[in-house]
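Here the structure comes first, spelled out in structure tokens, and everything after it is commentary.
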Amino acid sequence: MKYLILLSAIVLAFQSSRWRSNPANLDIAPEPAAATRLPRNIILLIGDGMGIAQITAGIYARADKLHIEHLPITGLMKTHSAKNLITDSAAGATAFACGCKTFNGAIGVDAQKRPCRTILEDAAAAGMATGLVATSSITHATPAAFIAHVSKRSEMEEIAPFFLKTRIDFFIGGGLSYFNQRTDGRDLCRELQAKGFDIHTYQQRTLQQCRPDPARPFAWFSADKEPEGVHKGRDYLPLAARIAPPFLAQRSEKGFFLMIEGSQIDWACHKNNGEQAVQEMLDFDNAIGEVLQFAQQDGNTLVIVTADHETGGMALLRGSDKKELKIKFSTLNHTATLVPVFAYGPGAEAFSGVYDNTDLHAKMKALLQLGTVEAR
Ligand code: MG
Ligand code: ZN
């Protein structure tokens with residue numbers, strides 16, 4: 001007994017000295033969770049490479065308020081990958097999709113190269129409808145990490161067959177040639193059609209000319225490989241963002257998970273082209289506007305807008321004013337700065353604060369109650 005008291009005293013002394021010596025590191029217990037209304041649907045919008053400077057440039061480039069300014073909850077997110085301070089889009093999207101830190105280049109696999117289950121796969125297993133929309137090829141790192149499991153992002157032909165393995169109800173993006181002009185001779189478009197898919201390509205018709213029927217899963221390919229930028233006339237992203245939510249809502253009464261990517265904000269910033277970065281940012285913002293309009297009417301949809309990382313180390317310099325932005329870049333690559341998160345709808349409060357990109361996954365999964373798939 002005497003020893004026990006002594007031991008407790010030592011433990012207490014140790015603990016209190018630890019608290020005193022490191023007051024900044026106090027763990028603040030989270031507030032008891034308020035009764036949060038759960039969302040039926042989640043729409044995750046990812047602006048690839050969209051840091052705070054990119055958003056700021058978009059805001060001052062347009063006279064009106066951007067749609068992104070209407071999301072009431074904001075947070076900040078750390079983006080580092082397993083071993084690198086600076087992530088790439090593959091590891092960044094895998095953190096959102098699977099909730100694990102992994103190596104740069106990894107698509108839906110963990111740091112040991114083991115496949116990790118994605119939130120899209122979990123949603124599909126729970127009977128929810130799912131969708132992916134991108135302004136890159138649909139096999140590109142960001143969308144791919146939600147549906148495929150390969151350890152090298154450049155293996156586009158290996159990524160494409162995963163679109164046949166998981167329930168996906170709606171997808172739009174480039175990369176047609178990875179489906180129908182493959183080195184292994186398979187025609188994945190035909191295989192998808194055999195599974196009931198209604199498939200259209202940019203050569204046949206524009207997205208505007210398509211009439212997606214919720215009775216069948218739908219896909220539209222916007223390019224053979226990578227779609228053009230906004231500056232060359234690409235205009236399908238806001239329309240895709242208008243079509244996808246009501247389509248998916250009709251595909252399942254259990255709700256849906258939809259990821260929409262503004263892929264080319266990143267590409268413009270890699271080129272250190274401020275003007276194109278702003279154009280891509282505003283195009284992405286128009287997609288946000290379409291989604292918000294749906295969410296407002298629907299009332300059961302959580303909308304999250306974020307980025308996988310910042311690209312270019314963009315800065316808005318002296319001499320910039322509202323009419324003429326002076327955009328400079330400090331690198332041709334990605335940077336490690338925190339990226340913002342914006343949220344609207346049931347469960348949005350959970351996205352306030354500073355947290356890790358893997359926490360974004362955990363929050364989405366908890367709100368969709370996908371930890372207990374059977375319970376749905
Ligand atoms: Mg991307
Ligand atoms: Zn990039």
Side-chain angles (χ1 to χ4, degrees), residues 43-55 77 79-81 84-98 102-108 118-120 131-148 150 152-156 159-160 162-163 171-175 178 222-223 225-230 234 236-237 240-241 258-274 276-277 279-281 283-285 287-288 304-314 329-337 339 341 357 360:
I43 304 176
L44 173 63
L45 294 117
I46 302 174
D48 198 316
M50 185 190 71
I52 292 192
Q54 284 79 358
I55 296 169
M77 197 165 60
T79 65
H80 63 273
S81 56
N84 290 282
L85 176 63
I86 295 173
T87 189
D88 79 329
S89 295
T94 301
F96 297 154
C98 302
T102 187
F103 54 94
N104 289 355
I107 301 289
T118 75
I119 189 163
L120 187 146
L132 293 172
V133 171
T135 51
S136 63
S137 59
I138 200 66
T139 46
H140 209 267
T142 312
F146 286 85
I147 198 163
V150 302
K152 258 175 86 180
R153 58 182 285 174
S154 55
E155 302 287 352
M156 301 280 199
I159 290 167
F162 281 96
F163 283 79
F171 67 89
I172 287 179
Y178 307 116
S222 59
K225 288 200 158 71
E226 301 308 331
E228 302 281 18
V230 170
R234 190 201 73 236
Y236 69 81
L237 183 66
L258 167 65
M259 192 289 294
I260 298 176
E261 185 197 21
S263 318
Q264 299 197 25
I265 301 167
D266 175 68
W267 302 356
C269 292
H270 277 296
K271 291 189 285 183
N272 286 2
N273 188 322
Q276 285 177 22
Q279 289 171 347
E280 293 292 342
M281 178 65 221
D283 182 58
F284 182 59
D285 189 67
I288 296 170
I304 305 161
V305 182
T306 190
D308 47 359
H309 53 74
E310 195 274 345
T311 304
M314 184 194 270
F329 294 88
S330 57
T331 173
L332 290 164
N333 293 308
H334 302 167
T335 69
T337 56
V339 294
V341 182
N357 55 4
L360 191 93

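Indexing begins at 1, ligand by ligand and atom by atom, following the structure's order. Because only heavy atoms are used, hydrogens play no part in the values below, and waters and symmetry mates are left out as well, while side chains stay in.
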Original post:
Backbone or side chain, does T142 get an N/O/S atom under 2.8 Å to the Mg ion (ligand 1)?
Top reply: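 T142 does place an N, O or S atom closer than 2.8 Å to the Mg ion (ligand 1).
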
**OP:** Keeping the roles fixed (side chain from T94, backbone from G108), state whether a donor-acceptor pair exists under 3.5 Å.
**Re:**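 Yes; judged by distance alone, with no hydrogens or angles, the pair exists.
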
**OP:** Without swapping roles, check the side chain of S263 against the backbone of T135 for a donor-acceptor pair under 3.5 Å.
**Re:**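 Checking the backbone N and O of T135 against the side chain of S263, a donor-acceptor pair under 3.5 Å is found.
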
Subject >> Angle, OD2 of D48 through the Mg ion (ligand 1) to OE2 of E261 - 10° precision >> reply: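 Roughly 90°, rounded to 10°.
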
Side chains of [X] and [Y] in contact at under 4.5 Å (non-hydrogen atoms):
X	Y	answer
D48	Q264	no
D266	D308	no
V305	F284	yes
I147	F171	no

Subject >> For the student: nearest non-hydrogen atoms of L132 and L258, plus distance >> reply: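 Residues L132 and L258, closest heavy atoms: N-CD1, 4.1 Å.
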
**OP:** Check the Zn ion (ligand 2) and write out every protein N, O or S atom at under 2.8 Å, as residue and atom.
**Re:**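 Within the sphere that stays under 2.8 Å of the Zn ion (ligand 2), the protein atoms of type N, O or S are D266 OD1, D266 OD2, H270 NE2, H334 NE2.
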
